[in-house]
Amino acid sequence: MESILIKTTAKNLIYRVNHWKNKLTDQKNKLLILLYHRVLPEVRFNSRNTVITEKTFIRQIDILRKRYPIISLTDAINQCHTGQAKAKVQVVLTFDDGYWDNYEVAFPILRERGLPATFFLTTDYVGKNEPVWDWEVFTLVMRDCTDTHSIEIENKLLEQRMHEPRLSFAVRVIDSMKSITVDKIQEVTGFLRKHSTNKLTDIRQDCGISWEQAKRMSVCGMEIGAHGVTHRSLSRLPLEEAKQEIDRSKSIIENQIGKPCVHFAFPFGGHNDCAYGLIDHFKKTGFQSCLLNIRGYNHVKQDSFYFKRIVTNEWSSLDHLLG
Ligand SMILES: [Zn+2]
């Protein structure tokens with residue numbers, strides 16, 4: 001926990017310098033898209049730094065909404081189409097993966113304040129009694145299988161190197177699983193479950209929301225976007241499989257929610273995970289935006305198929321959030 005705090009403090013300092021540099025040099029209107037994953041009443045396990053406490057979430061959005069309009073993603077895209085920004089700085093809130101707490105914790109806070117947000121769902125995990133695979137694998141490697149130092153993934157043995165930090169090993173495990181088949185993912189997860197020393201862990205605490213809950217959020221004005229079917233890296237999948245992930249997640253959401261699904265967030269979302277070659281396919285199939293997990297802010301005159309986002313965490317300062 002301490003090393004995360006030190007790293008985050010150092011990063012915040014860099015962000016602060018960058019923020020003021022951007023503020024002085026960039027006179028264009030800013031569109032900030034924040035990326036959240038989970039909001040929980042208390043944080044017990046946060047190795048990936050993707051969980052923030054309910055208290056911090058409230059503090060962050062209350063500061064932001066006092067200073068800037070918080071708008072929906074569709075509103076932001078409409079402004080992109082006209083090229084006319086409605087304010088100098090505008091904020092969009094997004095949530096990836098669709099954990100239960102998005103509905104139970106974040107949604108009531110947003111609704112109470114009348115704030116819109118977009119929730120990107122991984123369709124295979126909606127209403128399933130299982131967390132998204134990479135969350136589970138990460139939790140098992142980092143917390144519950146610390147005696148396991150080698151894992152077979154697609155007939156290759158991945159070993160924790162001498163003196164390699166567990167975090168780096170866990171990241172390598174996830175990375176080598178990003179494009180393997182769903183069956184193979186289940187094989188690795190099954191192996192890790194078998195070697196888990198923490199039999200008390202109730203992994204169901206990390207499950208996704210239900211379609212019923214997603215529908216209720218949509219009825220209350222929240223937008224539901226697609227995040228693929230199986231949460232694998234689209235750029236590393238065979239082309240047809242990647243297209244299926246896009247098309248199927250869109251149609252499943254549309255059937256369940258009863259509204260067009262026009263926003264997509266790339267699973268993992270780094271440069272190596274975004275299938276830039278499929279942007280035309282996204283356009284043809286009726287999407288209006290693609291969101292990356294690459295840090296930066298946007299302008300309303302920008303292409304909405306390459307929207308950058310700012311990942312928030314428990315220690316994000318306002319300058320960090322403002323890009
Ligand atoms: Zn994701």
Side-chain angles (χ1 to χ4, degrees), residues 33-40 45-52 73 92-103 105-106 117-128 130-142 170-180 182 185 188-189 203 205-209 213-214 217 222-237 241-242 244-246 248-250 252-253 261 263-276 278 282 287 289-295 305-313:
I33 306 180
L34 303 188
L35 167 54
Y36 291 94
H37 282 88
R38 309 194 61 185
V39 183
L40 291 170
F45 175 73
N46 194 15
S47 295
R48 283 173 107 181
N49 216 3
T50 51
V51 188
I52 72 166
L73 190 51
V92 173
L93 305 175
T94 66
F95 294 79
D96 277 12
D97 296 352
Y99 294 100
W100 65 269
D101 44 274
N102 289 183
Y103 176 81
V105 185
T118 304
F119 294 84
F120 290 98
L121 306 183
T122 303
T123 54
D124 258 6
Y125 291 90
V126 180
K128 201 177 178 186
E130 233 175 68
V132 179
W133 69 265
D134 55 298
W135 175 278
E136 180 169 4
V137 168
F138 204 84
T139 307
L140 287 166
V141 173
M142 287 299 293
V171 169
R172 286 200 299 123
V173 171
I174 301 287
D175 201 59
S176 53
M177 292 177 72
K178 282 180 180 178
S179 61
I180 64 175
V182 172
I185 287 175
V188 178
T189 314
I203 212 88
Q205 285 173 353
D206 301 320
C207 289
I209 60 170
Q213 292 171 330
M217 293 205 289
M222 301 296 156
E223 295 189 292
I224 306 296
H227 196 44
V229 178
T230 60
H231 208 258
R232 290 180 297 159
S233 171
L234 292 199
S235 63
R236 303 191 204 185
L237 290 178
E241 229 175 296
Q244 269 184 31
E245 287 273 334
I246 299 163
R248 277 189 56 219
S249 58
K250 179 176 169 62
I252 292 169
I253 289 172
C261 171
H263 307 302
F264 192 93
F266 285 108
F268 302 102
H271 276 305
N272 291 335
D273 306 301
C274 297
Y276 296 122
L278 286 174
F282 279 106
F287 280 100
S289 71
C290 282
L291 280 71
L292 323 173
N293 186 356
I294 290 165
R295 193 176 195 280
F305 285 86
Y306 300 87
F307 270 155
K308 290 178 183 165
R309 292 191 285 177
I310 293 170
V311 180
T312 58
N313 61 47

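Whatever order the structure lists ligands and atoms in, that order sets their numbers, starting from 1. Note that the structure is predicted; figures quoted are calculated from it, not measured. The figures that follow rest on heavy atoms only: side chains count, while hydrogens, waters and symmetry mates do not.
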Q.
Is it the case that over 12 heavy atoms from other parts of the model lie below 6.0 angstrom from the CZ atom of Arg248?
A. no
### Query
side-chain contact (heavy atoms from CB on, under 4.5 Å) between Phe120 and Leu291: does it pass, once the steps are laid out?
CA-CA 10 Å; Phe120 290 98; Leu291 280 71; 4.0 Å; yes
Taken by chain and residue number, the protein N/O/S atoms under 2.8 Å from the Zn ion (ligand 1) read Asp97 OD1, His227 NE2, His231 NE2
(Q) For Tyr276 and Tyr306, take the angle between the two ring planes, folded into 0 to 90°, and tell me which bin it lands in: parallel under 30, tilted 30 to 60, perpendicular over 60. (A) parallel
Are any of the side-chain nitrogens in Arg38 or Asp97 under 4.0 Å away from the carboxylate oxygens of its partner? no
Residues at least two apart in sequence or cross-chain that pass ring-ring contact (aromatic ring centres under 6.0 Å, His included) with Phe138, listed by chain then number, are none
May I ask you to say whether Asp175 pairs ionically with Arg236, meaning some side-chain N is under 4.0 Å from a carboxylate O? yes
